[in-house]
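Below: the structure, in structure tokens.
In what follows, every heavy atom counts, from backbone to side chain, and hydrogens, waters and symmetry copies are set aside.
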Amino acid sequence: MRSPACAIFLGYFAALCCKETFGVYVSSDNSNVQVQEFGEIILSCKYKLEKEHPVRLEWKKVVPNGDISFIYYNNTLAADLRGRAEMIESSIWLKNATRADSGKYRCEVTAPKDNKSFQEIVIDLKVLVAPGVPVCDVPPSAMSGTAVELKCRESEGFPASEYRWYKNGILLAINPAPNARLTNSSYTVNSASGTLQFNTVAKMDTGEYYCEASNGIGKSQKCAVRRLQVDDLNVAGIIAGVVVVALVMLFCGLGVFYAQRKGYFSKGNASGKEASQKTASQKENEFKHTKSFVI
């Protein structure tokens, strides 16, 4: 049998160890909350006290840069929540959630008369947003055999959208069959980044393209249709053009050579030299005549 002194000692030790467990206790029905944009949700916060007495209740929001803003303070909701939220005891009923409401919220309860006078919980709110209309970047033309990239992106949706590409209204497979007859199998679709990459585009890839963005929230959105025209490289035309240019340069060179052989360029220089000498002689005679006249 245990002695009374031992029982008293064990009881005192247990009281010391458990002292901090007595006092205010804060909990939530759901600490990870998701709601679609413009929907309603309750940010649940409940507390129990060691002894009934007035407490101080505060709600705070932790913004992405680490700063803290008051949501509920001194028995009053923040200005941006008035009219679209109200308090239900210690919980917040958010009637019209917007994407700006996403973030981490702290419910803090201070009970000064309890042994443990303060406790808080953190609630993570994610507002789900449907995708916006994506923007597509499709080059209007390309030469066969070259690499071509089509881009698609939208930035409004949360969670991030996934993308699918369509050609002439037909969905392009993420992993095309290597023996596909009607489709170039050298392309790859990145559903996360929204790119459609052709390693070597072919003439059969000519068509009307658009992409579709979806994230499971609301309706999927698609961009306007864009046409990609792929043409084969005209080797014969290029060769013909080179030959024509070469022939023109050859005939010009022959013409210059023939003119030099005939002395056309030297005659012209001689005529110019004679004309210059004649003009100088005339000026000298005129000077002599004027001098004799003066004398």
N/O donor-acceptor pairs under 3.5 Å from side chains in residues 131-152, not counting sequence neighbours:
unit_1, atom_1, unit_2, atom_2, d
Ser144, OG, Asp232, OD1, 3.1
Thr146, OG1, Met143, O, 2.6

Expected list for residues 156-166: side-chain donor-acceptor pairs under 3.5 angstrom, two or more places apart:
unit_1, atom_1, unit_2, atom_2, d
Ser161, OG, Glu154, OE2, 2.6
Tyr163, OH, Glu154, N, 3.1
Tyr163, OH, Glu154, O, 3.3
Arg164, NE, Glu212, OE1, 3.4
Arg164, NH2, Glu212, OE1, 2.4
Trp165, NE1, Gly194, O, 3.1
Tyr166, OH, Glu212, OE1, 3.3

Which atom pairs, donor and acceptor, lie under 3.5 Å between side-chain atoms of residues 66-74 and protein residues at least two apart or in another chain?
unit_1, atom_1, unit_2, atom_2, d
Asp67, OD2, Asn65, ND2, 3.2
Tyr72, OH, Asn75, OD1, 3.4

Enumerate, atom names and distances included, each donor-acceptor pair closer than 3.5 Å involving a side-chain atom of residues 78-87, sequence neighbours excluded.
unit_1, atom_1, unit_2, atom_2, d
Arg82, NE, Leu77, O, 3.0
Arg82, NH2, Leu77, O, 3.3
Arg84, NE, Asp80, O, 3.0
Arg84, NH1, Asn96, O, 2.8
Arg84, NH1, Asp101, OD2, 2.8
Arg84, NH2, Asp101, OD1, 2.9
Arg84, NH2, Asp101, OD2, 3.4
Glu86, OE1, Lys95, NZ, 2.8

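Residues Pro112 and His53 form a side-chain contact, since some pair of their non-hydrogen atoms from C-beta on lies under 4.5 Å apart. Contact annotation: the side chain of Ser44 never approaches that of Asn30 to less than 4.5 Å [non-hydrogen atoms, C-beta and beyond]. At a threshold of 4.5 Å between non-hydrogen side-chain atoms, the residues Thr98 and Val127 do not count as touching. Gln36 places a side-chain heavy atom less than 4.5 Å from the side chain of Ile217.
Once rounded to the nearest 0.5 Å, the distance linking OG of Ser102 with CD of Gln34 reads 9.5 Å. Note that CD of Gln119 and SG of Cys107 are 10.0 Å apart. Values are rounded to the nearest 0.5 Å. Here the CG-CD1 distance, from Leu94 to Ile41, works out to 8.5 Å after rounding to the nearest 0.5 Å. Annotation: the span from Leu228 atom CG to Lys167 atom NZ amounts to 9.0 Å, rounded to 0.5 Å. Atom OG of Ser214 sits about 14.0 Å away from atom NZ of Lys219, to the nearest 0.5 Å. Of the inter-residue distances, the one linking Ser90 atom OG with Lys46 atom NZ reads 8.5 Å to the nearest 0.5 angstrom.
Under the 4.5 Å side-chain heavy-atom criterion for Ile, Leu, Val, Met, Phe, Trp and Tyr, Leu43 and Leu57 are members of the same hydrophobic cluster. Clustering ILVMFWY residues whenever any of their side-chain heavy atoms sit less than 4.5 angstrom apart, transitively, puts Val24 in the very cluster that holds Trp59. Cluster membership check: Tyr47 does not share its hydrophobic cluster with Val122, using side-chain heavy-atom separations under 4.5 Å among Ile, Leu, Val, Met, Phe, Trp and Tyr. Residues Ile123 and Ile92 are members of one and the same hydrophobic cluster, defined by side-chain heavy-atom contacts under 4.5 angstrom among Ile, Leu, Val, Met, Phe, Trp and Tyr. Ile42 and Leu128 are not part of a single hydrophobic cluster, where members link through side-chain heavy atoms under 4.5 Å apart.
Side-chain atoms of Asp114 come within 3.5 Å of backbone atoms of Glu50 as a donor-acceptor pair (strictly under, hydrogens ignored). Not one N or O on the side chain of Glu120 forms a donor-acceptor pair closer than 3.5 Å with the backbone of Arg106.
Across Gly103 and Asp124, no two heavy atoms sit closer than the pair O-OD1, 3.4 Å. Here the shortest heavy-atom pairing between Gly218 and Ala130 reads CA-CB, 4.1 Å. Between Asp205 and Tyr209 the shortest heavy-atom distance is O-OH, 2.6 Å.
Under the side chain to side chain donor-acceptor pair (under 3.5 Å) criterion, Arg227 pairs with Glu208, Gln229, sequence neighbours left out.
The side chain to side chain contact (heavy atoms under 4.5 Å, CB included) with Ile121 is formed by just one residue from the set Cys45, Ser27, Ser31; it is Cys45.
Evaluation of the ring pair (Phe, Tyr, Trp, His ring centres under 6.0 Å) test over residues 99-129, restricted to residues two or more places apart or in two chains, returns none.
Counting heavy-atom neighbours within 6.0 Å of Lys222 NZ, excluding the residue itself, gives a total of 12 or less. Counting heavy-atom neighbours within 6.0 Å of Lys60 NZ, excluding the residue itself, gives a total above 12.
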